Amino acid sequence: MLTSDNLATDLIQHDPEIADGIASLRAALNEAQNGAPRIAHQKLHRVLAEGNFALCMIEGRRDGQHAGLFSLFRLADGKIVEHWTTCTPIPPRNEWKNDNGKF
């Protein structure tokens with residue numbers, strides 16, 4: 001759950017579709033499209049961390065499309081203070097050029 005316990009109230013957002021702050025991030029994660037969540041996190045594959053940065057590699061859906069969702073967080077004083085994100089569509093398996101997959 002997103003709370004002021006783990007997120008800075010003045011969270012700096014680098015996703016151009018989401019405004020700064022906890023309320024905007026919460027609204028984006030709760031946004032629905034055709035009755036389904038617009039952004040759905042389904043499986044956390046990896047977390048890589050160094051210093052005050054953590055990268056989460058997540059499989060999910062964005063706008064109804066299977067996707068790789070990558071979120072980079074900067075932490076300070078035990079809270080997330082900054083967030084970057086990228087989303088890469090994952091084509092159907094029969095269209096893959098190799099057997100390695102996204103993750």
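Only a predicted model underlies this, so the values are computations on that prediction, with no experimental measurement involved. For the single chain, residues carry numbers from 1 onward in sequence order.
Residues Cys87 and Pro89 come closest through the heavy atom pair O-CD, 4.0 Å. Of all the heavy atoms in Arg62 and Ala67, the pair that sits closest is N-CB, 4.5 Å. Annotation for Ala8 and Val81: closest pair CB-CG1, 3.8 Å, computed over non-hydrogen atoms.
Put simply, the side chain of Lys102 does not reach to within 4.5 Å of the side chain of Trp96, judged on heavy atoms. Counting heavy atoms from C-beta on, the side chains of Ile58 and Lys43 never come closer than 4.5 Å. Within the 4.5 Å cutoff, the side chain of Ser24 has no heavy atoms near those of the Gln13 side chain.
Under the 4.0 Å criterion applied to side-chain N and carboxylate O atoms, Glu31 and Arg26 are not assigned as salt-bridge partners. Between Arg38 and Glu17 there is a salt bridge, since a side-chain N of the basic residue sits under 4.0 Å from a carboxylate O of the acidic one.
The line from NE2 of His14 to OG1 of Thr85 is 11.5 Å long, rounded to the nearest 0.5 Å. Between atom NZ of residue Lys79 and atom CG of residue Asp5 there is a gap of 6.5 Å, rounded to the nearest 0.5 Å. Taken from CE in Met57 to CG in Leu44, the straight-line distance is 10.0 Å, to the nearest 0.5 Å. We find the CG-CD1 distance between Asp15 and Ile39 to be 7.0 Å, quoted to the nearest 0.5 Å. Within the model, atoms OG1 of Thr86 and CG of Leu69 stand 8.0 Å from one another, a figure rounded to the nearest 0.5 Å. With values rounded to the nearest 0.5 angstrom, Leu11 atom CG is found 8.5 Å from Glu82 atom CD.
In this structure, Phe53 and Trp84 have tilted ring planes: the angle between them lies in the 30° to 60° band.
By the 6.0 Å contact criterion, CG on Asp99 is open, its count of non-hydrogen atoms from other residues, nucleotides or ligands being 12 or less. Surrounding CD of Glu50 are at most 12 heavy atoms belonging to other residues, nucleotides or ligands under 6.0 Å away.
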Glu59/His41 under side chain to side chain donor-acceptor pair (under 3.5 Å): CA gap, chis, key distance, verdict: CA-CA 6 Å; Glu59 184 173 357; His41 297 95; over 6 Å; no
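Phe73 and Ile22 fall within the same hydrophobic cluster, where Ile, Leu, Val, Met, Phe, Trp and Tyr residues are linked whenever their side-chain heavy atoms come under 4.5 Å apart, directly or through other members. In the hydrophobic clustering of this structure, Leu25 does not group with Leu72; members are Ile, Leu, Val, Met, Phe, Trp, Tyr whose side-chain heavy atoms approach within less than 4.5 Å, directly or through other members. Under a hydrophobic clustering in which Ile, Leu, Val, Met, Phe, Trp and Tyr are joined whenever their side-chain heavy atoms come within less than 4.5 Å, directly or via other members, Phe103 and Val47 fall into different clusters.
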